[in-house]
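So the structure is just underneath, and the comments pick up after that.
Atoms within each ligand, like the ligands themselves, are counted from 1 in listed order. Just so you know, these numbers use all the heavy atoms, side chains as well, and skip hydrogens, waters and symmetry mates.
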Amino acid sequence: MANRQFVFGTNFKMNQTPQESVEFYRRLIGSTPIRPGIQLYVVPPVTSLAAVAAAAAADPANVWVGAQNMHWAADGAFTGEISARMLQALQVDLVLIGHAERRGLFNEQDVELNKKVHAAIEAGMQVLLCVGETGEERAFGVSAETVAKQLKIDLHQVNPASAAQILVAYEPVWSIGTGGIPATPDDIAPIASLIRETLRTMFGDSCRMVPILYGGSVNAENAGSFATIPEIDGLLVGRAGWTVESYTKTLEAALSARL
Ligand code: PGA
């Protein structure tokens with residue numbers, strides 16, 4: 001919706017050292033004008049979070065720094081995992097929950113994702129919940145059912161009063177990454193509307209507080225076409241956000257299309 005805040009950022013996945021992430025962050029802040037109505041975010045790997053969050057705390061740009069994943073427990077015998085409390089201590093603003101690579105490669109299930117959502121809300125973070133159907137689910141004609149089911153389980157028993165902490169990214173799995181098939185706005189618009197209506201059944205009018213983002217092979221050439229879909233309030237960019245030049249170009253393309 002053109003009159004709501006536009007949320008834009010990138011997930012670096014398993015790329016960058018802490019030095020590279022901070023360098024990216026500094027160059028981004030130096031080259032992107034801070035404007036009202038735009039919420040930027042970056043999601044570096046966990047090893048970069050402390051350094052980037054410290055850099056972000058020291059400047060007024062209010063770029064959200066996000067984690068790519070977390071565990072639902074506050075602490076305990078979970079070797080290799082990171083808790084919301086640990087992220088909170090680093091002043092991390094946001095956490096991705098249920099990214100397609102977590103679901104597909106690491107077998108994350110909706111019931112566990114629901115626990116993560118509650119833990120992140122409790123810790124005061126923004127939750128960027130990723131949903132989306134696989135190519136197979138799409139071929140069977142159950143895209144809408146898949147996305148509605150993910151939302152209903154992942155956000156189960158989230159209080160509508162916490163809606164302002166939730167963002168939903170629609171990322172059809174078939175459109176993500178180097179093998180991804182670029183989606184068209186006609187593919188995305190009906191699911192974006194379905195997401196809004198599903199959120200309405202869960203949160204009532206507070207569903208309007210939840211930005212819906214699109215992600216999957218977004219770049220400077222197609223960003224405008226996704227950014228102007230009526231229910232789309234932002235973008236979750238992968239590869240095209242990994243250089244400052246391309247991040248900025250993609251952002252500018254989205255913003256100028258929404259003017
Ligand atoms: P991509 O990644 O833009 O490189 O397709 C998107 C994502 O995984 O969120």
Sorted by chain and residue number, the salt bridge (Lys or Arg N to Asp or Glu O under 4.0 Å) partners of E137 (sequence neighbours excluded) come out as none

May I ask you to list the residues sharing a hydrophobic cluster with V43, side-chain cutoff 4.5 Å, ordered by chain and number? V7, Y41, W64, L94, L96, L128, L167, L213, L236

Under 3.5 Å, N/O to N/O: give me all the pairs between ligand 1 and the protein, one per line with atom names and distance.
unit_1: ligand 1; atom_1: 2 (O); unit_2: K13; atom_2: NZ; d: 3.3
unit_1: ligand 1; atom_1: 3 (O); unit_2: S217; atom_2: N; d: 3.4
unit_1: ligand 1; atom_1: 3 (O); unit_2: G238; atom_2: N; d: 2.9
unit_1: ligand 1; atom_1: 4 (O); unit_2: R239; atom_2: N; d: 3.0
unit_1: ligand 1; atom_1: 4 (O); unit_2: R239; atom_2: NE; d: 2.6
unit_1: ligand 1; atom_1: 4 (O); unit_2: R239; atom_2: NH2; d: 3.4
unit_1: ligand 1; atom_1: 5 (O); unit_2: G177; atom_2: N; d: 2.8
unit_1: ligand 1; atom_1: 5 (O); unit_2: S217; atom_2: N; d: 2.8
unit_1: ligand 1; atom_1: 5 (O); unit_2: R239; atom_2: NH2; d: 3.0
unit_1: ligand 1; atom_1: 8 (O); unit_2: K13; atom_2: NZ; d: 2.7
unit_1: ligand 1; atom_1: 8 (O); unit_2: H99; atom_2: NE2; d: 2.8
unit_1: ligand 1; atom_1: 9 (O); unit_2: H99; atom_2: NE2; d: 3.1
unit_1: ligand 1; atom_1: 9 (O); unit_2: E171; atom_2: OE1; d: 3.1
unit_1: ligand 1; atom_1: 9 (O); unit_2: E171; atom_2: OE2; d: 2.6

Matching residue for V237 among W242, F8, Y214 - test: side chain to side chain contact (heavy atoms under 4.5 Å, CB included): F8

For E112, is there an ion pair with R102 - N to carboxylate O distance below 4.0 angstrom? no

Is any side-chain heavy atom of L87 less than 4.5 Å from a side-chain heavy atom of V95? yes

Which residues satisfy the side-chain contact (heavy atoms from CB on, under 4.5 Å) test with R85, sequence neighbours excluded? D75, S83, Q88

